[in-house]
Amino acid sequence: MHAVRKSWLGIVAIIISIFVFLVPFSFIILTAMKGKNEAGFLSFSWPTEFHLWDNIVEVIQTRNFMLVTALINSTVLTVASVAIMVLLAAMVAFVLQRRASKWNGLINFLVLSGLIIPPAVVPTIWVLQGLGLFKTLGGLILVEAAFGLSFCILLFRAFISTIPREVDEAAIIDGAGSIRLFFQVVFPLLRSVIITVIVVQSVAVFNDFTNPLYFLPGDENATVQLTLFNFQSQFDTSWNLLFTNILLITIPPLVMFIFFNRQIVAGMSSGAVKG
Amino acid sequence: MATIAPTKPLTGRRSAPLLKRKKMKSPYSFWFYLVPAILYAVLFLVPTFASFFFSLTRWTIFDATFIGFGNFVQFFQEPNLVQGLVNTFIYATVTSALKVVLGMLLGVLLTSQIIARGYLRSVVFFPVLVSTIGVGITFAVLMNPTKGLINEALATIGIQGPAWLTDPAWALLSVALVDVWKGVGLATVIYIAGIVSIPTEYFEAAKVDGAGAWKNFTQIILPLARPATVTVIILSLIGGLRSFDLIWSMTRGGPGFTSDVIASVIYKQYQAGFYGLSTAGNVILFLIVTLIILPLSAFLNRKEVY
């Protein structure tokens with residue numbers, strides 16, 4: 001009786017999930033496979049002719065291979081900013097968790113502020129301009145790293161608190177200084193949380209639209225999220241190309257999801273238990 | 001810190017009591033803070049503090065003329081901007097409320113012994129990882145009043161769907177619904193983590209006492225998953241109050257200004273070259289977020305008695 005009701009509930013859930021979640025994704029794929037005219041009907045239908053490959057080629061070539069440039073930009077941006085975040089956040093979290101000092105209250109406050117406070121846009125541009133970093137990829141990398149630090153510090157700190165202090169003490173007795181203690185002893189132990197941080201933040205930076213929009217304007221600097229506006233125009237939107245583009249830029253997060261599902265979920269839901 | 005053992009090996013030959021008085025070198029060096037502190041200060045703290053000043057000026061990046069509270073007065077006098085303010089509250093409230101309710105329901109459902117649980121968890125969570133702009137564009141098409149799939153589907157069951165994004169009364173709500181579609185997966189995994197961490201003894205004891213599913217939910221899951229609820233509320237409020245990209249990709253604040261929120265007002269004023277006004281918007285957003293989040297999180301966390 002109970003089991004029957006459970007499977008009944010499951011079937012209903014599956015049917016609803018198909019309509020709510022699978023149909024929109026199939027719509028993206030179907031439209032990406034259509035020709036221009038057919039895609040213009042915006043209908044949820046099987047393509048009469050398949051143009052997926054032509055569409056991919058055309059999307060890639062559009063505006064002088066802008067998508068390729070954007071993909072390179074986004075990759076550099078993601079790799080560099082996440083690398084900076086991981087290294088700096090792990091160092092901060094390590095000292096913050098291990099060493100009691102009168103500064104800890106202030107540092108914790110700043111970390112939480114970084115999570116809550118919306119960044120001030122134009123003043124950030126003003127600062128970047130003063131440093132000569134406005135409209136440069138380097139500037140955006142630093143901005144993304146600065147904005148992402150807080151979240152990473154919280155994840156690292158929670159994990160470091162589970163590493164016994166005896167590990168540190170053993171290393172210190174063996175004569176390790178602060179650099180060796182951190183880089184050779186503690187950092188390797190952080191492997192699992194580092195993977196979590198890398199995956200979660202890579203997806204976040206790769207998908208980020210707002211910061212590139214403000215801090216890295218200009219076509220030659222476009223990141224992948226901004227390429228989506230290539231095919232939208234008031235008069236003549238090429239829906240097939242637009243959705244091909246959406247499909248292409250969804251692949252990296254999809255790959256991440258397939259391989260790192262568990263770490264992503266763990267990273268994003270951490271804090272729920274402790275509150 | 002001073003009480004841990006390895007004081008002796010640290011500096012070798014000297015005797016321990018002497019060390020106590022001497023300033024001992026911690027292996028947890030403060031200079032680890034240096035680089036991140038500079039990065040954070042220069043790109044986050046300085047702009048934040050500078051925004052308070054620049055919001056009081058007429059500003060062209062190169063020079064700023066002090067005009068007092070002129071920008072704020074303008075912000076609260078222009079109906080479009082006030083509308084943006086109101087919309088921000090509506091948007092944040094609607095999205096957070098729906099994420100809490102749906103996230104909790106899905107969390108309970110997906111922790112029960114249900115068939116295809118793995119599939120359901122994946123499919124609910126995946127939209128979280130997809131580009132917001134991509135989701136926005138896709139749903140803008142699906143919500144097309146005449147050709148869109150949603151209204152066609154509604155028509156087959158005899159419902160005349162609204163004009164969604166082109167109807168001033170529905171535009172903001174439509175975007176909020178898509179926000180929930182995209183974000184409910186995160187709320188769900190937070191609830192799943194919270195529910196899974198409830199000790200099974202509670203459910204066993206309840207079973208002995210003859211509690212049904214509803215009793216389990218109201219008496220055990222609801223109170224004990226409270227930290228998850230707090231996290232979901234806080235996270236989705238922070239996200240909802242500063243939401244920009246979804247709204248921008250779906251309506252650009254339109255039709256008219258009916259789906260503008262503060263974040264889109266900030267962008268529009270920035271584009272128009274009103275940097276002072278744009279920054280005033282930033283300051284207002286800052287005040288709103290902190291004035292809502294700080295008391296709320298203090299309140300929610302204080303009442304945690306379990």
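What you see is a predicted model; the values in this text were computed from it and never measured.
- Separation of atoms OG1 (B/Thr132) and CZ (A/Phe209) is listed at 10.0 Å; rounding is to 0.5 Å.
- When the heavy atoms of residues 271-278 of chain B are compared with those of chain A, the residues falling under 4.5 Å are B/Tyr275, B/Ser278, listed by number.
- Ring geometry for A/Phe147 against B/Phe44 counts as perpendicular: the plane angle is over 60°, on a 0 to 90° scale with 30° as the lower cut.
- The closest side-chain donor-acceptor pair between B/Tyr119 and A/Ser17 falls under 3.5 angstrom.
- Under the 3.5 Å distance criterion, the side-chain polar atoms of B/Tyr40 are left unmatched by any main-chain donor or acceptor of A/Val111.
- Looking at A/Val121, the atoms closer than 4.5 Å to chain B (heavy atoms on both sides) sit in the backbone and in the side chain alike.
- With rounding to the nearest 0.5 angstrom, the CG atom of A/Asp208 is 7.5 Å from the CG atom of B/Asp245.
- In this structure, A/Phe182 and B/Tyr28 have side chains that are not in contact, with every pair of non-hydrogen atoms separated by 4.5 Å or more.
- Chain A forms more heavy-atom pairs under 4.5 Å with one residue of B/Trp31, B/Trp248, B/Phe53 than with any other, namely B/Trp31.
- Ranked by heavy-atom pairs under 4.5 Å with chain A, the list B/Ala225, B/Ala116, B/Pro127 is led by B/Pro127.
- Counting heavy atoms from C-beta on, the side chains of A/Leu110 and B/Leu45 come closer than 4.5 Å.
- Residues of residues 113-120 of chain A that come closer than 4.5 Å to chain B, counting heavy atoms only, are A/Ser113, A/Gly114, A/Leu115, A/Ile116, A/Ile117, A/Pro118, A/Pro119, A/Ala120, ordered by residue number.
- A distance-only check finds a donor-acceptor pair linking the side chain of B/Trp181 to the backbone of A/Val20 [under 3.5 Å].
- The residue among B/Phe49, B/Phe244, B/Phe30 with the most heavy atom pairs within less than 4.5 Å of chain A is B/Phe30.
- B/Ser131 meets the side chain to side chain contact (heavy atoms under 4.5 Å, CB included) test with A/Asn207, A/Gln225, A/Leu228, A/Ile249, B/Ile133; sequence neighbours excluded.
- Interface remark: of the candidates B/Leu285, B/Val196, B/Leu235, B/Thr48, B/Leu285 forms the most heavy-atom pairs closer than 4.5 Å to chain A.
- Inter-residue side-chain proximity for B/Pro36 and A/Leu149 is flagged as met; some heavy-atom pair is nearer than 4.5 Å.
- At least one side-chain heavy atom of A/Leu96 sits less than 4.5 Å from a side-chain heavy atom of B/Tyr33.
- Scanning for side chain to side chain contact (heavy atoms under 4.5 Å, CB included) contacts around B/Val130 gives A/Phe25, A/Thr250, B/Phe126, B/Val135, with sequence neighbours left out.
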